[in-house]
There are 2 protein chains.
Amino acid sequence: MEITFKAINDPTRREILVYLIGGAQNAGEIAKQFSMSKPSISHHLDLLKQGNLIHAEKKGQYIIYSLNRSGFELVHAWFQGFAQYFEFPKPKIRL
Amino acid sequence: MEITFKAINDPTRREILVYLIGGAQNAGEIAKQFSMSKPSISHHLDLLKQGNLIHAEKKGQYIIYSLNRSGFELVHAWFQGFAQYFEFPKPKIRL
DNA sequence: TAAATATTTAGACATTCGTTTAAATATTTA
DNA sequence: TAAATATTTAAACGAATGTCTAAATATTTA
């Protein structure tokens, strides 16, 4: 949980996640989207993976990254705890 | 947006938010829940306020803190972009 | 008005974070 | 097998973060 929240704290990592909505990509293609060194992107990918927000699969010399449901579920579940609090008050009279 | 994600990154701040589900409280009462100095809690409250996750209202010598819908809406909206990708079940209660 | 209470602001300090360049590892191709 | 390509690991470093104590501000009470 801690590591998942940490992972989404960084703007570059959030951009990577949004980028991956478009579909799985290898590390090099992901790095191309950013004006940042490949080792930096590699590090960000590692943190996203630790937070279970992405999944890595080796394919030959490439590593393909894709969104991982479980990290998102974790955060989503946490937010659900607040949903009840913010529920609109029910009208006293049925409309 | 940046500041809101930053605000929920810290575990103490997330605990404060969860604590406030139980209802609005003044700074001293909030601080009592944690084994941490009051200035530290005050700083955390400030960051949560900056992220629009809580609202502060002065009441005499006390300051009453309560959950603020707008910060939660912001993060929720961001996650909705992924909800479609993962086809999360729709929440029963609107956030 | 002086003392007590509630809370924040300021300054200091160790730790964590994000970035870079250089080197290492793994895989494919010539 | 040597060279090229894809990616990570390692080491370094400045910036940001979380915490503390001490001091300041604001409000209430005696």
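On a predicted model such as this, the values are computed, not experimentally measured, just so you know.
Counting non-hydrogen atoms under 4.0 angstrom, B:His44 reaches the backbone sugars and phosphates but no base. Using a 4.0 Å heavy-atom cutoff across all strands shown, B:Asp46 reaches no nucleic acid atom at all.
What separates CZ of A:Phe5 from C1' of C:dC17 is a distance of 19 Å, to the nearest Å. Rounded to a whole Å, the CD1 atom of A:Ile3 is 13 Å from the P atom of C:dT16. Summarising the geometry, the separation between NZ on B:Lys38 and P on D:dT19 is reported as 17 Å, rounded to the nearest angstrom. Rounded to an integer number of Å, the gap from A:Glu57 CD to D:dT7 C1' is 16 Å. Atom CG of A:Leu47 and atom P of C:dT16 are 14 Å apart (whole Å). Summarising the geometry, the separation between CD1 on A:Ile16 and P on D:dT7 is reported as 13 Å, rounded to the nearest angstrom. Rounded to whole Å, the distance from CZ on B:Arg13 to C1' on D:dT19 is 12 Å.
Phosphate contact (OP1/OP2 of D:dA26, side-chain N/O of B:Lys58, threshold under 4.0 Å): absent. Under 4.0 angstrom from either OP1 or OP2 of C:dA6 there lies no side-chain N or O belonging to B:Asn26. For B:Tyr65 and C:dA6, the shortest distance from a side-chain N or O to OP1 or OP2 is not below 4.0 Å. Put simply, A:Ser42 has a side-chain N or O that comes within less than 4.0 Å of OP1 or OP2 on D:dT8. Contact check, B:Ser40 against D:dC20: a side-chain N or O comes under 4.0 Å of OP1 or OP2.
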field: Which nucleotides of DNA chain C pair, in dot-bracket form (Watson-Crick or G-U under 3.5 Å, | meaning another strand)
entry: ||||||||||||||||||||||||||||||
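Using a 4.5 Å heavy-atom threshold, the side chains of B:Leu53 and B:Ile16 count as separate. With a 4.5 Å cut-off on side-chain heavy atoms, A:Lys6 and A:Ile3 count as touching.
Positionally, the nearest nucleotide of DNA chain C for B:Leu45 lies more toward the 5' end than for the other of B:Asn9 and B:Leu45.
Ranking D:dT17, D:dT8, C:dT19 by closeness to the B:Lys6 side chain, first place goes to D:dT17. For B:Ile63, counting side-chain heavy atoms from C-beta on, the closest listed nucleotide (C:dT8, D:dG18, C:dG18) is C:dT8. Closest to the A:His43 side chain, of the nucleotides C:dT7, C:dT19, D:dT19, is C:dT19.
For the segment residues 27-37 of chain A, residues with any heavy atom less than 4.0 angstrom from an atom of DNA chain C are, sorted by number, A:Met36, A:Ser37.
Judged purely by atom type and a 3.5 angstrom limit, A:Arg14 uses its side chain to pair as donor or acceptor with the backbone of A:Ile8.
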For nucleotides 28-30 of chain C, which of its nitrogen or oxygen atoms have a protein nitrogen or oxygen under 3.5 Å away, and what is each distance?
none

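Taking both residues in full, the closest heavy atoms of B:Leu67 and A:Phe86 are given as CB-CZ, 3.8 Å, listed atom of the first, atom of the second, then distance.
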